[in-house]
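Read through the structure below, which is laid out as structure tokens, and then see the notes.
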Amino acid sequence: MAKNMRLKSERAKWGMSQQDLADAVDVTRQTISAIERGDYNPTINLCIRICRTLDVTLNDLFWEENDDEGI
Amino acid sequence: MREYDEYQKFIRYKNGTQAFLLLSILLFLNSLLNSLNVQWGETYSIETLFLLEISIGYYVLKNTYQGAFFDKYENPKRQSLYSFLWGLIYLYLVHSPSFAIFIDGKISQDFLHLFVGIICLAIPMVFLIRTMVDKSREKKREMK
């Protein structure tokens, strides 16, 4: 799985650490770290909570750009 | 009731499966040894319990290392300290003269207590190692 650099950059825009974001969406810091490293695909519910906290859309954070072909 | 987040549950399920497979393999190997009349525990039950402790120890320590042992609302440092104290108590009890770890060259029930004490002491050590690894990775990421 590819790293989720967009999540990391959006988090940094808000000046949030991984722990801050984890507390905001009610998960552990390791979960946010695993998502950013690309080691874990979060459920849709967690994706939505993260997007609401960072005030972005699901497309902004979790859509893989190279999957546009053929859709 | 402990509350684990979805990633922790995912890790725990994966480690649980691995621990179950480990236990199955160990029990199978032990049954082969038993068929050759090789006995390394005072009784067969003690052998089985020790193998169970190995797989539980694997499960607990791997979860601790991967951040899936302590739930979201626990204080890992405090829980690690409790685990360390329990480990010391177990080792103190095993150290007393009335306890015999080996009987006729075979592991006894007291050896099982010793092993539990070792696992309790290992939990805070594994947690400390993981914390240091995370801090080191964090520094490397910030430098990039």
Side-chain angles (χ1 to χ4, degrees), chain A residues 1-68 70-71, chain B residues 1-19 57-83 119 122-144:
Chain A
M1 267 184 271
K3 289 185 181 182
N4 196 328
M5 301 305 290
R6 285 176 286 176
L7 173 58
K8 188 175 179 178
S9 65
E10 284 297 328
R11 179 172 60 76
K13 275 186 197 170
W14 286 86
M16 293 174 96
S17 64
Q18 286 182 341
Q19 186 64 59
D20 293 334
L21 180 58
D23 292 339
V25 298
D26 200 28
V27 296
T28 58
R29 190 197 63 78
Q30 285 85 354
T31 303
I32 300 298
S33 174
I35 296 170
E36 288 183 359
R37 286 196 318 267
D39 287 343
Y40 177 66
N41 272 335
T43 59
I44 188 67
N45 288 329
L46 180 54
C47 290
I48 289 170
R49 293 206 306 269
I50 291 172
C51 290
R52 280 191 178 146
T53 301
L54 298 176
D55 197 26
V56 291
T57 66
L58 285 169
N59 272 357
D60 293 334
L61 282 189
F62 296 107
W63 190 258
E64 288 186 9
E65 284 154 12
N66 58 0
D67 279 352
D68 285 342
I71 294 176
Chain B
M1 186 76 181
R2 289 188 157 192
E3 289 186 42
Y4 297 102
D5 69 24
E6 55 183 65
Y7 177 65
Q8 288 179 310
K9 285 180 192 171
F10 164 70
I11 292 294
R12 289 171 72 84
Y13 294 153
K14 192 172 76 161
N15 291 340
T17 304
Q18 289 172 359
Y58 171 82
Y59 177 70
V60 164
L61 294 178
K62 196 145 186 261
N63 279 341
T64 304
Y65 188 75
Q66 292 180 319
F69 183 67
F70 304 109
D71 75 19
K72 292 180 286 181
Y73 304 112
E74 278 179 317
N75 183 334
K77 289 178 187 170
R78 189 171 58 205
Q79 295 299 325
S80 296
L81 179 62
Y82 292 158
S83 177
I119 291 174
I123 290 171
M125 286 179 202
V126 167
F127 176 70
L128 181 65
I129 290 168
R130 182 63 204 216
T131 306
M132 287 163 58
V133 165
D134 284 344
K135 280 185 181 167
S136 161
R137 282 181 184 167
E138 196 68 38
K139 276 184 189 169
K140 282 181 188 170
R141 272 189 231 124
E142 280 168 13
M143 281 164 65
K144 280 186 182 175

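Per chain, numbering begins at 1; letters A, B, ... match sequence-line order.
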Which bit of B:Phe10 comes within less than 4.5 Å of chain A, counting heavy atoms only: side chain, backbone, both or neither? side chain
With a 4.5 Å limit on heavy-atom distance, are the side chains of A:Arg29 and B:Asp134 in contact? yes
Least distance between heavy atoms, B:Gln66 atom then A:Gln30 atom: O-CG, 4.5 Å
Pairs of heavy atoms under 4.5 Å with chain B: top-ranked of A:Ile35, A:Asn45, A:Thr31, A:Leu46: A:Thr31
Which heavy atom in A:Asp26 sits nearest to a heavy atom in B:Asp5, and how many Å separate them? O-CB, 4.5 Å
So for B:Phe70, is it side chain, backbone, both, or neither that comes closer than 4.5 Å to the heavy atoms of chain A? neither
Heavy-atom closest contact (B:Lys72 atom, A:Val27 atom, distance): CD-CA, 4.0 Å
Could you report the tightest heavy-atom contact between B:Tyr7 and A:Arg37, atom names first, then the distance? OH-NH2, 4.2 Å
